[in-house]
Visitor: 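The structure under discussion is supplied below as structure tokens; questions concerning it will follow.
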Protein chains: 4
Amino acid sequence: MRVFAEKGYHGCRIADVARQAGVAYGLVYHYFRNKDELLESVCAEQWTIFIRALRAASEGPGAATEQLAGICRFAVDVFRTAPAAVRVLLLEVVPTPNAFRAGSTRQTFEEAVSIVADIVRRGAARGELRADAEPTVAATTLLGALELTLTSMVAGIVRGGTEEEIERVKRALVDQVVGGLAPR
Amino acid sequence: MRVFAEKGYHGCRIADVARQAGVAYGLVYHYFRNKDELLESVCAEQWTIFIRALRAASEGPGAATEQLAGICRFAVDVFRTAPAAVRVLLLEVVPTPNAFRAGSTRQTFEEAVSIVADIVRRGAARGELRADAEPTVAATTLLGALELTLTSMVAGIVRGGTEEEIERVKRALVDQVVGGLAPR
Amino acid sequence: MRVFAEKGYHGCRIADVARQAGVAYGLVYHYFRNKDELLESVCAEQWTIFIRALRAASEGPGAATEQLAGICRFAVDVFRTAPAAVRVLLLEVVPTPNAFRAGSTRQTFEEAVSIVADIVRRGAARGELRADAEPTVAATTLLGALELTLTSMVAGIVRGGTEEEIERVKRALVDQVVGGLAPR
Amino acid sequence: MRVFAEKGYHGCRIADVARQAGVAYGLVYHYFRNKDELLESVCAEQWTIFIRALRAASEGPGAATEQLAGICRFAVDVFRTAPAAVRVLLLEVVPTPNAFRAGSTRQTFEEAVSIVADIVRRGAARGELRADAEPTVAATTLLGALELTLTSMVAGIVRGGTEEEIERVKRALVDQVVGGLAPR
DNA sequence: GATGAATGAGAATTCATTCAT
DNA sequence: TATGAATGAATTCTCATTCAT
């Protein structure tokens, strides 16, 4: 996960993975059929966690606004715990050979979008969010905002060193992204 | 640009670039020292265009809300005209060997963030945007929302085939991302 | 070693080395970082043998004249056993990118010069060689004479096919190069 | 000449030659059919000068000892004037693809050897040099001693900075290499 | 399970040579 | 004569994958 996060799919060598894991070169091939399967596996694992959180939010209590806010807060918290995982999740969605175009990673991404979009849709129906919201666009907006903000935190462009700074990031994100969906 | 957009940095062969450009293999090396420099150059070119547009918006007339909305609309329009350019700009920033970590691409990204952040800062000062906005987070939120939404359009997850659909995306983006910054 | 000797540094392809060694192309890169390191390694190995012989002569018994004569005889004998090694040793020292200018090969060459020069210096002090001998020049003269004479044997310009011819070359070399250092 | 001297045949690029000469890339091909011809031409020029000097010595006045001494002194003097030319002369004899094995450079080298060998042969016949001298070996010994000593001067291993140091090198060379051929 | 040498196809890079201007 | 862009074959280097131990 760390190596993929650092160098991307093509840039990461099996040798790097083995070294990082502290095992012999060949052992990687004992556990994974090939490089694709390795990445799929890593991505799937990360996405599973994230999707589970999205689903938990979606199926949990509270208004749509609160569910979306929870997702934002969760994402930022995950970033704090495992920034590398966030990078894999965020960065390997697209630039992977088969991942985005077809295959499980894309499906999982679409699933994430659709869960968020559903929250928006329900919220709009219930009057918790503006009636004319575009669920899918709202979802990609939210996820994209999370992605780049977190990436910028990883890169040190957005400050997220202290507890207080992280709280400020969370609040700003929620205010803008969820607040922007509030009924007029 | 097209080839990088299509396959990503590592996935794209010099041979592809040459073929796409309709020139001989070796000629690429007449103009670029190596693959890195080639991408760097392509990215720089795209960023320049985008930065110019950001600056034009920033220095143009209108309230901060209108400037930010203009940026969103411009980005979506660029996407319609040159989706490949958008992909390079958006997707190749990070997973590239030296691009994001250090060097000109990162600087240019920071510049983009800072231009948008400045608009937000001024808007907040003038009362056009909420006073407690976090300029940098607002900027990465806006740019990230653009990125993933456009990417999703490229990938066909967000519908953007017709004129009307594109208008809807624009409106939704602006409503959420700029609307979310409105004073309470 | 054989391939370098045959074609020189630039003329020898890694593929040649692999074929000659009877291994797969890539394996060469398993053992050597790159072509430079390969040659460096080959040279170092050869020099080590030669330096060892020089040292043995220097530390062995006999007058300086006898030590120098021993070196000449040894060099000619090595040539008979392994002409390719001699060629690498002799010919690839200089025209190689980094070898002679700086780095270990040059150091080793200087060491060879200095061992021979020391023998000369001691011999001069003991009255076995002329008192006004220039040790360093004497050393490069001896080594250079060996080099070109052996090269010419390799090239067939100096006859060295039979046992008797080789003996004649040895004697002539020693007479001229060592004899030329005798006290007047 | 300088570029060939610096990098050897394969290591020298046409671009280097053009840059060193201060002319455009293509112009090199206006004057030389190809790289081989360029090197041949350079070598031939250098050898011609050297061969002419050897011949002049051979056909000039004085005993064989004096003729050989003159050659040594001339070579050292040439080195002082044009060290690069010496390197081409010395270093490109062998490691060139076709040069030494067959072709004009090898012929010229053999000619040089034979001129010197003739001087030795005559000197031996006249009693100026030892009767049992091996003319060819004596020639390669003399030329080899010159080669490596001059190379070592170029490389800074043998000191040749001042007028006095150069005189000392000349004397040492002559004493050893010519002195070693003196009748016993 | 574990190791790391061995393989070879694929991609980057170099550079002599050609050619239009 | 002079220029330097254009070409593409030759070569180095990389790295996923296999395999014997």
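Worth knowing before you read on, the calculation uses all heavy atoms, side chains too, and leaves out hydrogens, waters and symmetry mates. Reminder, nothing fancy here: chain letters follow the sequence lines and each chain counts from 1.
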Visitor: Test of understanding: with salt bridge (charged side-chain N to carboxylate O under 4.0 Å, His left out), list the residues that count as partners of A/Arg52, not counting sequence neighbours.
Guide: none
Visitor: Report the residues that fulfil side chain to side chain donor-acceptor pair (under 3.5 Å) with A/Glu45, sequence neighbours left out, ordered by chain and then residue number.
Guide: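 Partners of A/Glu45 under the side chain to side chain donor-acceptor pair (under 3.5 Å) test: none.
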Visitor: NA contact type, B/Phe32, heavy-atom cut-off 4.0 Å: base, sugar-phosphate, or nothing?
Guide: nothing
Visitor: Can you check whether B/Leu148's main-chain N or O pairs, donor with acceptor, with B/Ser152's side chain at less than 3.5 Å?
Guide: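 Side chain of B/Ser152 to backbone of B/Leu148, a donor-acceptor pair under 3.5 Å: yes, one is there.
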Visitor: Quick one: which residue pairs count as a salt bridge (charged side-chain N to carboxylate O under 4.0 Å, His left out) with a foot in residues 16-26 of chain C, not counting sequence neighbours?
Guide: C/Lys7-C/Asp16, C/Arg13-C/Asp16, C/Asp16-C/Arg19
Visitor: With the side chain of A/His30 defined as its heavy atoms from C-beta on, choose the nearest nucleotide among E/dG1, E/dT3, F/dT1.
Guide: E/dG1
Visitor: So do the side chains of C/Ile49 and C/Val78 get within less than 4.5 Å of each other, counting heavy atoms only?
Guide: no
Visitor: Go through the structure and list residues passing side chain to side chain contact (heavy atoms under 4.5 Å, CB included) with B/Ile51, not counting sequence neighbours.
Guide: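 Scan of B/Ile51 (side chain to side chain contact (heavy atoms under 4.5 Å, CB included), adjacent residues dropped) gives B/Trp47, B/Arg55, B/Thr108, B/Glu111, B/Ala112, B/Ile115.
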Visitor: Over how many whole Å does the gap from C/Tyr31 atom OH to F/dT12 atom P extend?
Guide: 20 Å
Visitor: When the distance from CG of A/Leu39 to C1' of F/dA16 is rounded to whole Å, what number comes out?
Guide: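 My rounded result for the distance is 14 Å.
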Visitor: Going 5' to 3' through nucleotides 10-15 of chain E, assign each nucleotide B (protein heavy atom under 4.0 Å from a base atom), S (under 4.0 Å only from sugar-phosphate atoms) or - (no protein heavy atom that close).
Guide: -SBBBS
Visitor: Can you sort out the partners of B/Tyr31 under side chain to side chain contact (heavy atoms under 4.5 Å, CB included), two or more places apart, ordered by chain and number?
Guide: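 Counting only residues at least two positions away or on another chain, B/Tyr31 forms a side chain to side chain contact (heavy atoms under 4.5 Å, CB included) with B/Leu27.
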Visitor: Between F/dT21 and E/dG1, how far is it from one C1' atom to the other, in whole Å?
Guide: 13 Å
Visitor: Quick one: the dot-bracket string of DNA chain E, using Watson-Crick and G-U wobble pairs with both distances under 3.5 Å, [ ] for crossing pairs and | for bases paired to another strand.
Guide: .||||||||||||||||||||
Visitor: Not counting sequence neighbours, which residues clear side chain to side chain contact (heavy atoms under 4.5 Å, CB included) with C/Ala53? List them please.
Guide: C/Phe74
Visitor: Taking the side chain of B/Ala24 as its heavy atoms from C-beta onward, which of E/dT7, F/dG4, F/dG8 lies nearest to it?
Guide: F/dG8
